[in-house]
Amino acid sequence: MTQNAPPYTSSLLRLLSERGYVHQVTDAHGLDALAAKQIVPGYIGFDATAPSLHVGSLVQIMMLRRLQQAGHKPIVLMGGGTTKVGDPSGKDESRKMLTSADIAANIASIRTVFEKLLTFGDGPTDAVMVDNDTWLSALGYVELLRTVGPHFTINRMMTFDSVKLRLEREQPLTFLEFNYMILQAYDFRELALTAGCRLQMGGSDQWGNIVNGIELTRRMESVEVYGLTTPLLTTADGAKMGKTAAGAVWLNEDALPAWDFWQYWRNVDDRDVGRFLRLFTDLPLDEIARLEALGGSEINAAKVVLANEVTKLVRGAEAAAAAEATAAATFAGGGVGADLPSLACPDGSIALIDALIGLGFAASRGEAKRLIAGGGARVEGHSVTDEAHVIAFQGAEIRVSSGKKKHGVLRPA
RNA sequence: GGACAGGUGGCCGAGUGGUUAAAGGCAGCAGACUGUAAAUCUGCCCGCGCAAGCGUACGCUAGUUCGAAUCUAGCCCUGUCCA
């Protein structure tokens with residue numbers, strides 16, 4: 001639930017708060033006043049560990065979009081430098097060291113998504129993308145200690161939740177992690193100095209880092225800067241956003257086809273529809289209120305709107321339209337849509353098992369058989385329980401499905 | 001460097017010589033019910049095989065044994081404490 005909105009005067013804070021982006025602000029009224037009288041350059045940091053960001057980062061990206069919509073300047077900070085060190089917090093994953101080339105390629109790939117959602121350029125409110133590697137790798141350790149070190153007291157660092165939590169739980173906190181917050185703080189100070197940046201935003205887990213940056217900037221440069229965090233975004237059933245059977249919901253087209261991306265939004269929990277519409281689409285609030293109020297099965301219309309709008313923003317209007325058309329044809333009409341995964345079969349017949357594997361519905365023959373045995377495999381919408389079933393076809397496309405939601409097409413080669 | 005604890009399937013977590021492809025939970029997939037939702041109930045959930053079965057798997061390596069996730073030794077890694 002969003003808290004009752006304070007009476008903000010700036011369009012920025014009004015926009016952010018009424019759309020549900022605001023969790024905590026360091027100095028809401030100070031920021032409000034600043035945003036009302038000048039262009040506020042604000043930044044959010046992103047990881048460069050993979051060639052694509054996923055849905056979990058979309059709130060942050062959208063927040064930069066809102067910043068720009070409200071007439072301010074978004075700065076996309078890519079963590080090229082911090083990625084080199086390797087973020088130690090995700091300790092479940094074996095941290096493979098990325099080469100500089102990998103990181104550069106990742107950043108280039110991620111940038112394509114930002115270009116859809118933000119307007120880049122040289123103008124006063126145009127977005128820019130920077131890489132903290134630029135300044136971090138130029139920094140010597142001793143120099144870092146001398147510049148930044150005096151402004152951090154261990155006493156204070158110990159009071160941060162991220163640190164406290166680890167200590168209380170007797171979980172290890174490495175020295176590297178302890179330094180990580182210093183590097184993050186340094187980013188803010190650097191951007192404040194070189195780009196006039198006055199605001200850092202991020203997920204609620206970044207609160208401590210953001211506050212550190214604010215503190216450091218004030219101490220070193222005597223500049224007042226602000227921080228704002230979004231609520232931790234989970235789906236209504238409590239899971240972290242962005243996971244599906246196939247893995248993460250990636251924002252880049254080459255990491256996840258538009259059809260699957262669209263389906264992700266089409267299938268969100270009823271309870272999430274309004275919240276997601278506010279966060280992830282540009283629809284006017286009264287329109288969203290109307291959609292959100294739909295009851296029973298009518299809420300499905302709102303989900304289609306959600307899927308269309310988000311896909312349009314992230315993947316383009318064409319992809320959204322194609323996905324919707326495919327959905328209409330596939331689910332309502334019982335036919336096939338152009339966007340479905342397809343498999344070309346050379347000689348006019350194929351074993352059902354192979355078709356399921358070829359379409360990516362089963363990872364192994366055993367899995368395909370289990371699917372068939374469980375009644376989940378369908379040909380032309382009819383459940384087939386014979387494991388040895390062979391599909392023969394002449395000329396026409398044949399629809400093969402796994403369950404009621406995952407559909408694919410067989411095409412004669 | 002020393003003492004202790006521990007490393008089990010995507011995750012958590014039982015299992016201390018055969019009955020263990022490994023309890024249970026979570027996640028996932030499918031079926032029923034629905035609205036391409038949620039909740040609930042049911043089935044499935046290492047690979048190959050129509051099947052009998054075969055292969056692979058309990059940190060790594062080498063042993064003991066008819067037989068090891070379970071015992072022994074060495075090594076690697078993680079945690080706690082001491083130096």
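Residue numbers begin at 1 in each chain, while the letters A, B, ... track the order of the sequences. The structure presented is a predicted model; accordingly, all values stated were derived computationally and were not measured.
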What residues from residues 312-319 of chain A pass a heavy-atom cutoff of under 4.0 Å to RNA chain B? none
Hey, which sits more toward the 5' end of RNA chain B by its nearest nucleotide, A/Ile357 or A/Val268? A/Val268
Looking at residues 296-307 of chain A, who's got a heavy atom less than 4.0 Å off RNA chain B? A/Gly296, A/Ser297, A/Ile299, A/Asn300, A/Lys303
Would you say the side chains of A/Trp135 and A/Asp187 form a donor-acceptor pair under 3.5 Å? yes
Which residues satisfy the ring-ring contact (aromatic ring centres under 6.0 Å, His included) test with A/Phe361, sequence neighbours excluded? none
SB check A/Arg66 A/Asp282 (cutoff 4.0 Å): yes
Given the P atoms of B/U61 and B/G9, what is the spacing between them in whole Å? 16 Å
Gap in Å between the two C1' atoms, one belonging to B/U8 and one to B/A22, rounded: 9 Å
Is A/Arg370 close enough to B/G47 that one of its side-chain N or O atoms is under 4.0 Å from OP1 or OP2 there? yes
Distance between the C1' atoms of B/U36 and B/A30, in whole angstroms? 15 Å
Which pair of non-hydrogen atoms, one from A/Ile288 and one from A/Arg19, has the smallest distance, and what is that distance? CD1-NH1, 3.8 Å
Check side chain to side chain donor-acceptor pair (under 3.5 Å) between A/Thr311 and all other residues, then give those that pass, not counting sequence neighbours. none
Excluding sequence neighbours, so at least two apart, what forms side chain to side chain donor-acceptor pair (under 3.5 Å) with A/Glu292? A/Arg278
Qualifying salt bridge (Lys or Arg N to Asp or Glu O under 4.0 Å) pairs with a residue from residues 311-322 of chain A, counting only residues at least two apart or across chains: A/Glu253-A/Arg315, A/Glu309-A/Lys312
For RNA chain B, what residues of residues 283-293 of chain A have any heavy atom nearer than 4.0 Å? none
What interatomic distance, in whole Å, is found between P of B/A21 and the corresponding atom of B/G55? 13 Å
Is there a Watson-Crick or G-U wobble partner for B/G43 with both distances under 3.5 Å, and if so, which one is it? B/C29
Rounded P spacing from B/C11 to B/C75 in Å: 28 Å
Using OP1 and OP2 only, check whether a side-chain N or O of A/Lys405 sits under 4.0 Å from B/A37. yes
Would you call A/Leu64 and A/Phe114 a side-chain contact if the rule is heavy atoms closer than 4.5 Å? yes
Contact summary for A/Trp250 and A/Ser52, nearest pair of heavy atoms: CZ3-O, 3.1 Å
Paired with B/A3: which nucleotide, if any, by Watson-Crick or G-U wobble criteria at under 3.5 Å for both distances? B/U80
Please report, rounded to the nearest Å, how far the P atom of B/A37 is from the CZ atom of A/Arg266. 8 Å
For B/G35, which nucleotide in any strand shown is its Watson-Crick or wobble partner with both distances under 3.5 Å? none
Whole-Å gap separating P (B/C29) and CG (A/Asn267): 11 Å
Tell me, please, which residues at least two apart from A/Thr119 pass side chain to side chain contact (heavy atoms under 4.5 Å, CB included). A/Gln68, A/Asp126
Would you say the side chain of A/Ile350 lies within less than 4.5 Å of the side chain of A/Leu343, judging by non-hydrogen atoms? yes
N/O donor-acceptor pair under 3.5 Å between A/Asn212 side chain and A/Ala185 backbone: no
Quick one: A/Phe276 CZ to B/A38 C1', roughly how many Å, whole number? 14 Å
Quantified in whole Å, what is the C1' atom distance between nucleotide B/G63 and nucleotide B/U70? 15 Å
Distance between C1' atoms of B/C45 and B/A27 (Å, rounded): 11 Å
Are side-chain heavy atoms of A/Val310 and A/Arg266 found at a separation under 4.5 Å? no
Whole-Å P distance, B/C48 and B/G35: 37 Å
Can a donor-acceptor pair be found, under 3.5 Å and without considering hydrogens, that links the side chain of A/Tyr21 to the backbone of A/Leu279? yes
Now, which nucleotide makes the Watson-Crick or G-U wobble pair with B/A69, with each of the two distances under 3.5 Å? none
Using a 3.5 Å cut-off and no angle test, enumerate the donor-acceptor pairs between side-chain atoms of residues 143-154 of chain A and protein atoms at least two apart in sequence or in another chain.
residue, atom, partner, partner atom, Å
A/Thr147, OG1, A/Glu143, O, 2.3
A/Thr153, OG1, A/Arg156, N, 3.0

I'd like to know if A/Arg111 pairs up with A/Glu115 as an ion pair, taking the criterion as any Lys NZ or Arg NE/NH1/NH2 lying under 4.0 Å from an Asp or Glu carboxylate oxygen. yes
Between A/Glu367 and A/Gln263, which has a closest nucleotide on RNA chain B that is more 5'? A/Gln263
Nucleotide N/O to protein N/O under 3.5 Å, stretch nucleotides 50-54 of chain B:
residue, atom, partner, partner atom, Å
B/C50, OP2, A/Lys369, NZ, 3.4

Looking at residues at least two apart in the chain, or sitting in another chain, which of them share a ring-ring contact (aromatic ring centres under 6.0 Å, His included) with A/His407? A/Phe331
From CG of A/Asp269 over to P of B/U36, roughly how many Å is that when rounded to an integer? 15 Å
With 3.5 Å as the limit, what N/O pairs link the protein to nucleotides 31-34 of chain B?
residue, atom, partner, partner atom, Å
B/G31, OP1, A/Arg378, NH2, 2.6
B/U34, O4, A/Lys404, NZ, 2.2

So which nucleotide does B/G74 pair with, by the Watson-Crick or G-U wobble rule with both distances under 3.5 Å? B/C60
What is the pairing partner of B/G53, taking Watson-Crick or G-U wobble pairs with both distances under 3.5 Å in any strand? B/C48
Atom pair distance, as rounded to whole Å: CZ in A/Phe361 and P in B/A30: 10 Å
What's the CD1-P distance between A/Ile372 and B/C45, to the nearest Å? 15 Å
What are the two closest heavy atoms between A/Thr385 and A/Gly375, and how far apart are they? CG2-CA, 4.2 Å
